[in-house]
Amino acid sequence: MKTILLNNRPQGKPTTSNFEFVTEDTELTIKDGEILLEAAYVSVDPYLRGRMSDAKSYVPPFQLNEPVQSGVIAKVTATKNDNFKEGDYVSGLLNWQTQQVSNGDGLNKVDGTKAPLSAFLGILGMTGLTAYLGLNEIGKPKAGETIVVSGAAGAVGSVVGQIAKILGLNVIGIAGTDEKIDMLKSKFGFDAGINYNTNKDINAEIKKLAPNGVDIYFDNVGGPISDAVLFNINRFARIIICGAISVYNETETPKSVSVQPFLVKNSALMQGFIVSNYADKFPGAIKQLSEWLAEEKLTYTETIVNGFENIPTAFIDLFEGKNKGKMIVKI
Ligand code: NDP
């Protein structure tokens, strides 16, 4: 059995030395009420960076020398719990561990005949829910409006843009490479894209692409990219603060442009979004996402990295933009 522990807290950008691999020969056994799980797919997510630091947040930090956890799809390989049978697949927040014992609490069965198992970590999992609920609950999209999505080629952003298109919006995505911008337009149906690495004046580019202004901004990245978008908001704009990956590795308090005057004069709403606050809406959201997938109105892409030993690198690569769509490790 292999386990990945948090060895020390990252200072700035995470490195592989923040993690420690432990291999144990002992065979895991289960008691009444327990199941034995074998990891199949492990999700790596930018928000895990926050849990690796000990700053106060909405979820407690990972403890040093304890296993790191994230969304995992695992196979039940032995069971003494009537709710699970051998061969079932489950999803849940589990350890970065090849095998582990669970009492089943917090685990959901997933049906690999309905969608590929990895989809339950992305489009039919946490990132799909984030896109759907963040956009609908805070963004309140209306046909004909203009939305800008940052982190647009990632797991959340690529789904936000597609849902906005289904709902009849004009969609502009911001991402880090020309290849990603091409993908936004050709695969996901975005109307336009901005490569923030080559475009020196994002503010001017948004003015050009959205001459009537921006009604919704779905923010995955924060920092100067977001400032440039906020200079272009319309009256009653809605700004969903979903994430701020551009500042997760900052070691000093980031400098920010003061956007308050833009919010005031436009009567705009800016609200932080945490997907777990909307748990009562998950079943309805999954139903709608599944229907759109079946109707081929929605599609998705994944970057699948192979091998348990590559989990830390896959996680670190999120901060280099090496993924398109959902970053997942296949065990
Ligand atoms: P992504 O699949 O979008 O992966 C991260 C992407 O961020 C990279 O591919 C990269 O794309 C981009 N990125 C990395 N560094 C920077 C940077 N310095 N500036 C701008 N972009 C950068 O991850 P997710 O879809 O899983 O998550 C997207 C955001 O949503 C994150 O901020 C995450 O924390 C947040 N989130 C929030 C949730 C909530 O409940 N609030 C739930 C899930 C996610 P590129 O090549 O374009 O730079």
Side-chain angles (χ1 to χ4, degrees), residues 12-14 42-53 57-59 70-71 93 118 121-123 125-139 148-163 172-184 188 190 193-199 202 217-229 239-250 254 270-279 281-282 285 300-305 314-329:
K13 198 178 151 216
V42 172
S43 175
V44 290
D45 303 274
Y47 85 91
L48 298 172
R49 174 65 182 84
R51 293 199 68 188
M52 289 171 193
S53 94
S57 186
Y58 61 97
V59 271
S70 68
L93 200 59
S118 56
L121 294 176
I123 186 95
M126 195 263 287
T127 54
L129 288 166
T130 298
Y132 181 90
L133 293 168
L135 177 61
N136 284 305
E137 296 298 318
I138 299 178
V148 175
V149 186
S150 58
V156 173
S158 59
V159 179
V160 170
Q162 290 182 82
I163 297 174
I172 301 167
I174 305 177
T177 66
D178 285 347
E179 198 189 337
K180 288 185 179 184
I181 299 299
D182 287 345
M183 178 183 74
L184 294 182
F188 297 125
F190 284 52
I194 302 172
N195 176 347
Y196 71 86
N197 278 314
T198 54
N199 199 303
I202 300 172
Y217 175 42
F218 196 107
D219 188 7
N220 285 314
V221 306
I225 293 173
S226 296
D227 294 335
V229 180
I239 297 125
I240 304 126
I241 306 293
C242 176
I245 192 168
S246 77
V247 295
Y248 288 172
N249 294 327
E250 292 287 339
M270 178 185 269
Q271 189 177 337
F273 172 84
I274 300 290
V275 66
S276 53
N277 292 342
Y278 296 84
K281 298 202 154 56
F282 288 0
Y300 64 98
T301 192
E302 298 168 330
T303 300
I304 304 260
V305 172
F315 165 68
I316 293 162
D317 283 350
L318 290 168
F319 299 94
E320 298 285 341
K322 293 210 178 139
N323 61 308
K324 289 196 209 102
K326 182 78 193 88
M327 182 77 112
I328 290 171
V329 181

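In each ligand, atom 1 is the first atom listed, and ligand 1 is the first ligand listed. Positions are given from 1, in the same order as the sequence printed here.
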Side-chain heavy-atom pair Val44, Leu318 within 4.5 angstrom cut-off: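 Contact flag for Val44/Leu318 side chains = yes.
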
Could you tell me if the side chain of Met126 sits less than 4.5 Å from the side chain of Val275, heavy atoms only? yes

The option among Phe319, Tyr196, Tyr58 carrying the non-hydrogen atom nearest to atom 22 (C) of ligand 1 is Tyr196

Considering only heavy atoms of [X], which atoms of ligand 1 have at least one such atom less than 4.0 Å away?
X	value
Val275	39 (C), 40 (O)
Gly243	32 (O), 35 (C)
Ala175	47 (O)
Ala155	1 (P), 2 (O), 3 (O), 25 (O)
Thr127	26 (O)
Gly176	45 (P), 46 (O), 47 (O)
Val221	20 (C), 21 (N)
Gly325	2 (O)

Thr198 vs Asp178, test: side chain to side chain contact (heavy atoms under 4.5 Å, CB included). Steps then yes/no. CA-CA 9 Å; Thr198 54; Asp178 285 347; 4.2 Å; yes

Given the rule in the side chain to side chain contact (heavy atoms under 4.5 Å, CB included) test, do Thr127 and Val159 qualify, once you have shown the distances and angles that lead to the verdict? CA-CA 8 Å; Thr127 54; Val159 179; over 6 Å; no

Could you identify the single nearest non-hydrogen protein atom to [atom] and state the distance to 0.1 Å?
atom	result
atom 37 (C) of ligand 1	Cys242 O, 3.1 Å
atom 4 (O) of ligand 1	Asn323 ND2, 3.2 Å
atom 41 (N) of ligand 1	Phe273 O, 2.7 Å
atom 29 (C) of ligand 1	Asn220 OD1, 3.4 Å
atom 13 (N) of ligand 1	Ile245 CG2, 3.6 Å
atom 46 (O) of ligand 1	Lys180 NZ, 2.6 Å
atom 34 (O) of ligand 1	Tyr248 OH, 2.7 Å
atom 27 (O) of ligand 1	Pro46 CG, 3.7 Å

I need the contact type for [X] against ligand 1. Using non-hydrogen atoms and a strict under-4.0 Å cut-off, is it side chain, backbone, both or neither?
X	result
Ala244	backbone
Thr177	neither
Leu318	both
Lys322	neither

Any idea which heavy atoms bring [X] and [Y] closest together, and the distance?
X	Y	result
Ala314	Met327	O-CE, 3.3 Å
Ser70	Leu48	CB-CD1, 3.8 Å
Leu129	Ala285	CD2-CB, 3.6 Å
Phe218	Leu135	CE1-N, 3.6 Å

Would you say [X] contacts ligand 1, with heavy atoms under 4.0 Å as the rule?
X	result
Ala153	no
Ala152	no
Met126	yes

Please check if atom CD in Glu250 has more than 12 non-hydrogen atoms from other residues, nucleotides or ligands closer than 6.0 Å. yes

Assess whether side chain to side chain donor-acceptor pair (under 3.5 Å) is satisfied between Asn220 and Ser150, documenting all intermediate values. CA-CA 5 Å; Asn220 285 314; Ser150 58; 5.0 Å; no

Please list, chain by chain and in numerical order, all residues satisfying ring pair (Phe, Tyr, Trp, His ring centres under 6.0 Å) with Phe319, sequence neighbours excluded.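 Expected list: Phe315.
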
Side chain to side chain contact (heavy atoms under 4.5 Å, CB included) between Asn249 and Arg49: does it pass, once the steps are laid out? CA-CA 8 Å; Asn249 294 327; Arg49 174 65 182 84; 2.8 Å; yes

Kindly confirm or rule out an N or O of Ile225 lying under 3.5 angstrom from an N or O of ligand 1.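 No, no N or O pair falls under 3.5 Å.
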
Could you tell me if Ser43 and Lys326 have a donor-acceptor pair between their side chains, going purely by distance under 3.5 Å? yes

Would you check if there is a donor-acceptor pair between the side chains of Tyr47 and Asp45 at a distance under 3.5 Å? no

Applying side chain to side chain contact (heavy atoms under 4.5 Å, CB included), run through Phe188 and Thr301 and close with a yes or a no. CA-CA 10 Å; Phe188 297 125; Thr301 192; 3.7 Å; yes

